[in-house]
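Notes to accompany the following structure.
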Amino acid sequence: METDEAQPRAHLAALVLARGGSKGIPLKNIKLLAGVPLIGWVLRAALDAGVFHSVWVSTDHDEIEKVAKQFGAQVHRRSPEVSQDSSTSLETIREFLNHHHEVDIVGNIQATSPCLHPSDLIKVANLIQKEGFDSVFSVVRRHQFRWSEVKKGENKMTEPQNLNPAKRYRRQDWPGELYENGSFYFAKRHLIEKGYLQGGKMAYYEMRAEHSVDIDIDIDWPIAEQRVLSFGYFGKDPLKEVKLLVCSVDGCLTNGRIYVTEDHKEMVSYDYRDIVGINLLKKRGIQVRLISERDCSKSLSAMQLGCVAEVNATNKLQVLENWQKDIGLSWKEVAYLGNEESDVECLKKAGMSGVPADACALAQKAAGYICKSSGGCGAIREFAEHIFLLLEKVNSARKQMEEVNSAGKDTGGK
């Protein structure tokens, strides 16, 4: 008896378009947003979704290529012909397909949608791979009344487009309308080759309003950072409350420079903002410990920080592991701020990791947060603020879970 062989699964590729030129913000696609390059937020979501056979960034810029590879994406170097201000997304995607014949379906993900979650991408992949849709695009529900435009000089009145002014809907009585939000467009190869991103058997995917953030049109950068900290995707593992921060002395607490006096005494400088940051962490019940590869005990004593410190540390990771075990913490409860190659393994182990703006490339690659401030110039204070914001996210999630559990008990678990 003959059996049909299983059909090979169509190759689904995630593709993020990230041109170097920007009329608004220079190199916007890799500008730090809440300590992570903007493009990193969507790459993290795409890679963690686990539904793509490949994840690509199409770019014409060396720095964007470097960041994309740091996050684990492959890079397609686009041609100058599709790197102009006038180039369309469709033209760029078609060029990508011309070079990658193995790809059957493209999930074009917008780099400027930092609140995208893997769960959204998983559901969309099922729509196009299992339910047979040819194209799927993202939408968001808005409750906005529209009126016709009256141009200057026209002698006419505006007219309502989606409401009756004599009987205005209350928000809760009106389902609203669906608008494209541009977060992603998935389409099969045959459609794209015909010049369409939307066509054939089409479906929309409705995103939650809080996840529908487009920096190009919705909000400015500081507000976007707050939105990302509240609703962004931070990785597969749930956040935990930080109870210990370990900070490298040289290059983080100080700027790494050592001044030598005529009588052979060493001097270092530090930023008072970082001392404030350390004290704020302590007030929140977070232990702060310091680590250095050299003997800087006299300098630390002069600073009067009141922190446990390990100097002459030849193996920083071993010191960190000993502290973590002695205190009885999980790695998710440990934060680490470092700046050198010797900090890389510690940055990888810690549940929350950061580096100053002037940290070495390997340390930046291993860190989850890159400060705007340089070492010895407020980086600790900035990282402390980042920790506090994430703690608010942890506490908010805990309260939501308690409310859900409480509601379940009130209804008898039904």
Side-chain angles (χ1 to χ4, degrees), residues 20 26-27 29-41 43-44 57 59 61-73 75 235 244-259 266 268-271 273-274 277-278 288-296 299-300 309-321 323 331 334-387:
L27 286 179
N29 290 312
I30 55 173
K31 178 179 168 67
L32 293 182
L33 179 72
V36 176
L38 176 61
I39 197 174
W41 291 99
L43 289 177
R44 178 190 290 162
V57 171
T59 187
H61 198 280
D62 291 343
E63 285 302 310
I64 295 176
E65 176 176 357
K66 179 181 174 182
V67 171
K69 288 180 176 178
Q70 284 178 352
F71 275 86
V75 173
L244 170 67
L245 168 64
V246 177
C247 175
S248 180
V249 174
D250 304 297
C252 291
L253 176 60
T254 73
N255 60 11
R257 295 177 181 173
I258 300 173
Y259 305 91
E266 291 186 356
V268 296
S269 66
Y270 63 90
D271 194 310
R273 290 174 296 175
D274 291 325
I278 289 172
V288 179
R289 297 192 176 190
L290 305 171
I291 191 168
S292 176
E293 292 174 290
R294 65 185 191 88
D295 186 359
C296 55
S299 297
L300 293 176
E310 182 79 15
V311 299
N312 290 323
T314 56
N315 188 333
K316 289 183 177 180
L317 180 59
Q318 186 62 60
V319 174
L320 183 64
E321 288 177 339
W323 282 344
W331 282 113
V334 177
Y336 192 91
L337 184 68
N339 71 308
E340 275 297 345
E341 289 186 28
S342 58
D343 296 306
V344 168
E345 294 306 315
C346 297
L347 291 165
K348 290 178 178 178
K349 275 278 190 180
M352 192 180 297
S353 58
V355 294
D358 55 350
C360 74
L362 283 176
Q364 289 193 15
K365 182 178 179 180
Y369 182 88
I370 302 174
C371 297
K372 297 183 182 73
S373 306
S374 296
C377 299
I380 296 177
R381 174 62 190 270
E382 181 184 338
F383 192 52
E385 292 294 338
H386 178 66
I387 291 173

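Just so you know, residue 1 is the first one in the sequence shown, and it goes up from there.
Taking R257 as the reference, nothing meets the side chain to side chain donor-acceptor pair (under 3.5 Å) condition, with sequence neighbours excluded. Applying the salt bridge (Lys or Arg N to Asp or Glu O under 4.0 Å) rule to E385 yields the partners R381; only residues at least two apart in sequence or on another chain are considered. With sequence neighbours excluded, no residue forms a salt bridge (Lys or Arg N to Asp or Glu O under 4.0 Å) with R289. Partners of N255 under the side chain to side chain donor-acceptor pair (under 3.5 Å) rule, at least two apart in sequence or in another chain, do not exist in this structure. With sequence neighbours excluded, no residue forms a salt bridge (Lys or Arg N to Asp or Glu O under 4.0 Å) with K31. Listed by chain and number, the residues in a salt bridge (Lys or Arg N to Asp or Glu O under 4.0 Å) with K69 are E65 (sequence neighbours excluded). A search for side chain to side chain donor-acceptor pair (under 3.5 Å) contacts involving D250 returns S292, R294, not counting sequence neighbours. N315 meets the side chain to side chain donor-acceptor pair (under 3.5 Å) test with no other residue; sequence neighbours excluded.
Applying the side chain to side chain donor-acceptor pair (under 3.5 Å) rule to pairs touching residues 347-368 yields nothing, sequence neighbours excluded. For residues 340-367, no pair satisfies ring-ring contact (aromatic ring centres under 6.0 Å, His included), with sequence neighbours left out. Among pairs with a residue in residues 340-360, none fulfils ring-ring contact (aromatic ring centres under 6.0 Å, His included), at least two apart in sequence or across chains.
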Distance-only donor-acceptor pairs under 3.5 Å for side chains of residues 367-380, two or more places apart:
unit_1 : atom_1 : unit_2 : atom_2 : d
Y369   : OH     : E382   : OE2    : 2.9
K372   : NZ     : E225   : OE2    : 3.3
S373   : OG     : E382   : OE1    : 2.9

